[in-house]
Amino acid sequence: MIVSMKPGATKEQIDHVCDKIRSAGYLAHPIFGETRTVIGAVGSGNNRIAVMALESAPGVESVVPIRQPFKLVGRELKTEKTEIRLDDVVIGGDRFVVMAGPCSVESRTQLLETASAVRKAGAQVLRGGAFKPRTSPYDFQGLEEEGLKILAEARAGSGLKICTEVLTPEQVDLVAEYADILQIGARNMQNFALLRRVGRMSKPVLLKRGLAATIRELLMSAEYVVSEGNPNVILCERGIRTFETMTRNTLDMSAVPLLSELSHLPVIVDPSHATGKRSLVGPMSKSAVAAGADGLLIEVHPNPEEAWSDGAQSLTFAEFDELMTVIKRYLAIEERRL
Ligand code: PEP
Ligand code: MN
């Protein structure tokens, strides 16, 4: 339920409402807006009547139910868009954010060269997997902590923020020591123990849509993270599995404006995993700008032909640089910029 306070409600009145919500068995989730405070009463409490009765408490304007199952990440409770701040990089704000880098961290040289190339082209975040979720147990699984150390070195040298994947709840502390953004991969979108675990961290979480996940399921997974106390979730559309075999996945571009309608969380697009084809990354990146995405996640490799994973969808430095020029033009049409 949403308890809307009157404009100018006092701190005591807000605290009183929060206490009542908690004693009815719900989580009280206050959101302090510019003119008024709204308080979400969420959870499995069993005393709706006590919350509804708050309508007559001092300072309360109204109490209404939240219709959607995703209570905290939905627009009903919080209408303003969430901006996630990493020093000077803001995700979900006016500026478009590009995260770029190799699928896997392979070596120091590979990553440092990539960091410098993508930074020069205008990316704000460096991506790269140190722990890789691979379909086959015989494929390269990542450099693990050594990879994280290389990512940290690349950050120190380039000033870029780091986004890297965490595969298990046990790895969260280690990965969070190095990463600025914790990536939850498509295969882990419904790993609820992992979602709860990153929900107890303060670092932003990049949550990728599962291979066969509906938009509602993606939002419910984000709800797991936010309900544990971490409000900083970035949603990522990375393609879903359909009957089509000519592309690696089918990019559901309509998910981008729809997610923004339903949720206040930032939404980015990963055209690399969505298509699996280098030639499609540019066109889909342009469409992502038109669809209103807050940013892009793009795989870039010094020599895609020799990449240890996902070479076919990785751009060369020159291709990435060219794409960034085009993206800047498309952003200008939308009166936005990098
Ligand atoms: C990745 O970003 O390298 C990755 C494994 O992506 P996804 O989880 O979307 O397949
Ligand atoms: Mn990849």
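Residues take their numbers from the sequence shown, with the count starting at 1. Counting convention: from 1, in listed order, for ligands and their atoms alike. As a basis for the values below, the full set of heavy atoms in this structure was taken, side chains included, without hydrogen atoms, waters or symmetry mates.
- Here R36 pairs with E61 under the salt bridge (charged side-chain N to carboxylate O under 4.0 Å, His left out) rule; sequence neighbours left out.
- Of all protein atoms, those of element N, O or S that lie under 2.8 Å from the Mn ion (ligand 2) number 4.
- Atom 6 (O) of ligand 1 has as its closest protein heavy atom K208 NZ, 2.9 Å.
- Heavy-atom proximity to atom 9 (O) of ligand 1, evaluated over Q183, R238, H273, is greatest for R238.
- Using a 4.0 angstrom heavy-atom cutoff, E299 counts as in contact with ligand 1.
- Heavy-atom contacts from other residues, nucleotides or ligands closer than 6.0 Å to OH of Y178 number more than 12.
- Within ligand 1, the atoms closer than 4.0 Å to a non-hydrogen atom of A186 are 7 (P), 8 (O), 9 (O), numbered from 1 in the order shown.
- Looking only at protein heavy atoms, the nearest one to atom 5 (C) of ligand 1 is E165 OE1, 3.8 Å.
- The protein heavy-atom contact nearest to atom 2 (O) of ligand 1 is R127 NH1, 2.7 Å.
- At a cut-off of 3.5 Å, with distance as the only test, no side-chain donor of H301 or E306 sits close to an acceptor on the other residue.
- Remark: K120 NZ is loosely packed, at most 12 non-hydrogen atoms of other residues, nucleotides or ligands lying under 6.0 Å away.
- For a threshold of 3.5 Å applied to N or O pairs, the pair formed by D310 and ligand 1 contains no separation below that value.
- To the nearest 0.5 Å, atom CD of residue E334 and atom CZ of residue F96 are 10.0 Å apart.
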ask   = Would E76 and R67 satisfy salt bridge (Lys or Arg N to Asp or Glu O under 4.0 Å), going step by step from the backbone distance to the final call?
value = CA-CA 8 Å; E76 286 176 86; R67 283 160 302 143; 3.4 Å; yes
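- Within a 6.0 Å radius of OH in Y138, other residues, nucleotides and ligands contribute 12 heavy atoms or fewer.
- For the pair D294 and R95, the salt-bridge criterion is not met [side-chain N within less than 4.0 Å of a carboxylate O].
- When only modelled atom types and interatomic distance are considered, T82 and K78 share a side-chain donor-acceptor pair under 3.5 Å.
- Atom OG of S263 is separated from atom CD1 of I215 by 11.5 Å, given to the nearest 0.5 angstrom.
- The atoms of ligand 1 that sit less than 4.0 Å from any heavy atom of G185 are 8 (O).
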